[in-house]
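So the structure is just underneath, and the comments pick up after that.
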There are 2 protein chains.
Amino acid sequence: MSAAKESASEARDTGTLGKLMVLLDRVTHADEPMRFTDILAVANQPRGTVHRQLSHLVEEGLLEIDTDGRYSPGLRLLDLASRSWARNEFRLIAEPHLKALQDLTGETVHLGVLRGTSIIYLDKFEGQQPVRMYSQIGNASPVYCTGVGKAALSILPRERVKALVADLAFHRFTANTHTAESLLAEIEEIRKQGHAFDREEHEVGIRCIAAPIWSENLSLVGGVSVTGPAYRLTVERLSEWAAAIQESAERIMEAMRIGLGPRR
Amino acid sequence: MSAAKESASEARDTGTLGKLMVLLDRVTHADEPMRFTDILAVANQPRGTVHRQLSHLVEEGLLEIDTDGRYSPGLRLLDLASRSWARNEFRLIAEPHLKALQDLTGETVHLGVLRGTSIIYLDKFEGQQPVRMYSQIGNASPVYCTGVGKAALSILPRERVKALVADLAFHRFTANTHTAESLLAEIEEIRKQGHAFDREEHEVGIRCIAAPIWSENLSLVGGVSVTGPAYRLTVERLSEWAAAIQESAERIMEAMRIGLGPRR
DNA sequence: AATTACGTTCCATATAATAGAACTACCCGG
DNA sequence: CCGGGTAGTTCTATTATATGGAACGTAATT
């Protein structure tokens with residue numbers, strides 16, 4: 001084994017696949033196509049290794065390489081994901097309820113689910129203009145600064161929240177973004193209320209209200225939210241929808257019990 | 001090496017990743033969650049091997065396993081794909097032109113790209129109701145029964161078309177679906193016309209007109225299409241848009257030369 | 001033309017995947 | 001309550017694959 005590696009805290013190692021996925025993540029999460037050298041620099045691994053790994057990813061269509069030798073996410077990912085999305089049971093069950101909530105509020109409705117320390121948005125209903133599909137869907141956002149994220153945390157047992165928070169790196173997106181302490185405090189509040197707000201904690205000018213959704217055994221934890229521009233949506237205004245959104249969450253959970261309980 | 005494998009024509013073997021991707025494809029392309037035994041049956045590989053491979057895919061979030069031990073596509077795929085989509089240069093460049101075409105025709109406009117023997121839909125603009133996002137996007141459809149597919153083939157050199165057609169398994173979706181011979185014949189026609197029709201060849205009741213889009217070195221081959229219900233859109237009616245759609249394709253190609261040529 | 005940066009290929013070695021079997025848990029019928 | 005099948009998991013020597021260091025091309029730069 002080579003030396004100079006023990007300092008890194010990235011203890012991820014599912015073998016070959018794990019290493020490849022780390023690389024794939026790096027390239028897909030970059031803002032623009034990366035050249036070989038750029039990737040090599042952040043991968044701290046030998047040139048030959050990185051080169052072969054990239055070649056394999058390209059061969060499988062997970063990455064693509066343009067004529068300038070720059071790597072971008074591959075289209076194969078789209079095909080795989082479209083199945084993942086179309087078949088997702090949680091999303092299918094929630095769909096009509098999200099639509100109803102959109103009709104009621106006239107604002108954007110999101111469905112999200114907790115994965116690790118992120119909220120992944122599964123669906124979105126926008127009111128006005130033709131939706132730019134995919135827009136938000138599939139995006140992973142930090143738990144600590146999204147309504148859905150905080151709502152989701154509020155129904156987890158306290159030890160699990162603590163453990164999860166310990167894993168978080170709190171990035172200060174806005175002046176209102178939580179720290180570990182303030183987050184834990186607010187979660188207690190949310191537990192009592194049954195709903196969570198996002199008071200411009202992720203993005204200035206954006207507020208939301210969210211309610212948690214969970215399965216009995218907590219194998220699925222997420223939430224619904226109603227989101228909109230801060231100039232139009234004060235916290236008071238959002239509060240008026242608290243009952244509706246919590247009811248909507250309840251109905252989705254009810255539908256899950258029926259839909260997922262007995263085989264199909 | 002074990003015997004009883006040479007009959008299969010699946011000569012895909014990029015090493016470890018390749019094998020895992022075959023498995024991942026199997027599960028994501030199924031219509032419903034698969035149990036371990038189901039996967040084992042189609043994978044013809046030893047139990048231990050399949051089990052470990054699935055475990056690795058689950059660990060990486062590419063697959064998910066529910067409480068009944070059934071495997072489904074994982075949400076990690078969504079996150080990866082959303083980046084792939086959002087950053088796709090071809091899609092970004094084409095976007096305004098697709099919108100314009102939608103405004104002009106009032107019908108659904110698709111953008112697709114050739115990958116192997118499939119067309120992958122990259123974007124979609126629908127007129128009327130709020131779009132169900134992801135709907136079609138990311139889906140891979142056979143070249144031989146889609147307007148975009150046939151348009152794309154029409155600009156490839158004849159040998160390449162021949163080779164590609166030889167790889168195809170023609171599934172008869174409707175009474176109008178092409179065979180190898182009729183497809184090759186129509187491609188010649190499309191070469192002259194500059195646009196292709198789909199005369200209910202994939203789905204009864206759906207017709208479309210498409211124009212090809214390609215980069216100089218053919219590293220990118222695809223097309224735009226206008227699609228709609230057959231009762232409203234006769235081939236004559238569609239023909240009226242032939243000039244517009246070809247012009248739209250031209251403009252997209254022009255934009256690509258500018259946008260992709262000089263770095264950025 | 002010389003120099004440097006960048007990307008690719010090679011090959012002995014180390015590492016991870018493989019395959020077969022043994023093991024466990026569960027379900028169903030007698 | 002027991003036996004026998006079915007479904008899924010774990011174990012381990014063997015084999016295949018990935019690794020990494022260095023050597024090799026091949027542009028770009030001056």
Side-chain angles (χ1 to χ4, degrees), chain A residues 1-8 10-24 26-27 30 32-60 62-72 219 262-263, chain B residues 1-6 8 10-24 26-27 30 32-60 62-72 217 219 261-264:
Chain A
M1 178 99 304
S2 67
K5 192 65 101 21
E6 67 281 353
S7 65
E10 348 185 326
R12 245 287 213 58
D13 247 320
T14 324
T16 304
L17 179 61
K19 296 169 201 162
L20 288 170
M21 290 304 293
V22 169
L23 206 56
L24 182 58
R26 281 253 163 70
V27 178
E32 40 177 79
M34 294 178 82
R35 290 208 327 292
F36 178 76
T37 317
D38 304 332
I39 301 172
L40 183 60
V42 294
N44 56 1
Q45 277 191 307
R47 304 156 74 82
T49 301
V50 172
H51 188 265
R52 183 184 32 75
Q53 288 174 332
L54 288 171
S55 302
H56 284 167
L57 289 169
V58 169
E59 273 181 78
E60 290 300 328
L62 300 175
L63 286 182
E64 297 186 0
I65 180 167
D66 62 25
T67 45
D68 301 336
R70 300 178 310 168
Y71 294 85
S72 312
S219 64
R263 190 42 9 80
Chain B
M1 184 100 303
S2 68
K5 193 66 99 22
E6 67 280 355
E10 347 183 325
R12 244 292 212 50
D13 247 321
T14 324
T16 305
L17 179 61
K19 295 169 202 164
L20 288 169
M21 290 305 291
V22 169
L23 206 56
L24 182 59
R26 281 253 164 70
V27 178
E32 40 178 81
M34 294 177 83
R35 290 208 326 293
F36 177 75
T37 316
D38 305 332
I39 300 172
L40 183 61
V42 295
N44 56 2
Q45 278 192 305
R47 306 156 72 82
T49 301
V50 172
H51 188 266
R52 182 184 34 75
Q53 288 175 333
L54 289 172
S55 300
H56 284 167
L57 290 168
V58 169
E59 273 181 78
E60 290 299 329
L62 299 174
L63 287 182
E64 297 186 0
I65 181 168
D66 61 26
T67 46
D68 301 336
R70 300 179 311 169
Y71 293 85
S72 312
N217 59 0
S219 65
R263 187 51 4 81
R264 64 165 33 261

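In this text, all values refer to a predicted model and were calculated from it rather than measured experimentally. Chain naming here is simple, since letters A, B, ... match the order of the sequence lines and numbering starts at 1 in each.
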Report task. Report the residue (B:His56 or A:Arg47) whose heavy-atom-nearest nucleotide on DNA chain C is the more 5′ of the two. Result -> A:Arg47
Query raised in the report: Starting at the 5' end of DNA chain C, which residue's closest nucleotide do you reach first, A:Asp38 or A:Leu17?
Result: A:Asp38
Requested in this report: State, to the nearest 10°, the angle formed by the axis through the first five base pairs of the helix from C:dA1-D:dT30 to C:dC26-D:dG5 and the axis through its last five.
Outcome: 40°
Provide, to the nearest angstrom, the distance between the [atom1] atom belonging to [X] and the [atom2] atom belonging to [N].
X: A:Phe36; N: D:dA27; atom1: CZ; atom2: C1'; value: 16 Å
X: A:Ile39; N: C:dG7; atom1: CD1; atom2: C1'; value: 12 Å
X: A:Gln53; N: D:dG20; atom1: CD; atom2: P; value: 8 Å
X: A:Leu54; N: D:dA18; atom1: CG; atom2: P; value: 14 Å
X: B:Leu20; N: D:dT17; atom1: CG; atom2: C1'; value: 12 Å
X: B:Met34; N: D:dA7; atom1: CE; atom2: P; value: 14 Å
X: A:Arg35; N: D:dA28; atom1: CZ; atom2: P; value: 11 Å
X: A:Asp68; N: D:dA28; atom1: CG; atom2: P; value: 10 Å

Query raised in the report: Can you check whether B:Arg70's main-chain N or O pairs, donor with acceptor, with B:Asp68's side chain at less than 3.5 Å?
Result: no
Query raised in the report: Of all the nucleotides listed (C:dG7, D:dT9, D:dA18), which has the minimum atom distance to the side chain of A:Thr16?
Result: D:dA18
Report summary line: Of the candidates D:dG8, D:dT19, C:dG7, the side chain of B:Thr37 sits closest to D:dG8
Report task. Can you sort out the partners of B:Asp38 under side chain to side chain donor-acceptor pair (under 3.5 Å), two or more places apart, ordered by chain and number? Result -> none
Please determine if a side-chain N or O atom of [X] lies less than 4.0 Å away from the OP1 or OP2 oxygen of [N].
X: A:Gln45; N: D:dA18; answer: no
X: B:Arg52; N: C:dT18; answer: yes
X: B:His51; N: D:dT9; answer: yes
X: B:Lys19; N: C:dT18; answer: yes

Query raised in the report: Would you call B:Gln45 and B:Leu40 a side-chain contact if the rule is heavy atoms closer than 4.5 Å?
Result: no
Report task. May I ask you to test the A:Val22-A:Lys19 pair for a side-chain heavy-atom distance under 4.5 Å? Result -> no
Report task. First locate atom CG of A:Leu20, then atom CE of B:Met21, and finally report the distance between them rounded to the nearest 0.5 Å. Result -> 10.5 Å
Query raised in the report: When rounded to the nearest 0.5 angstrom, what distance separates CG in A:Leu62 from NE2 in A:His56?
Result: 12.0 Å
Report task. State which residue, out of B:Ile65, B:Leu23, B:Leu57, fulfils the side-chain contact (heavy atoms from CB on, under 4.5 Å) condition with B:Tyr71. Result -> B:Ile65
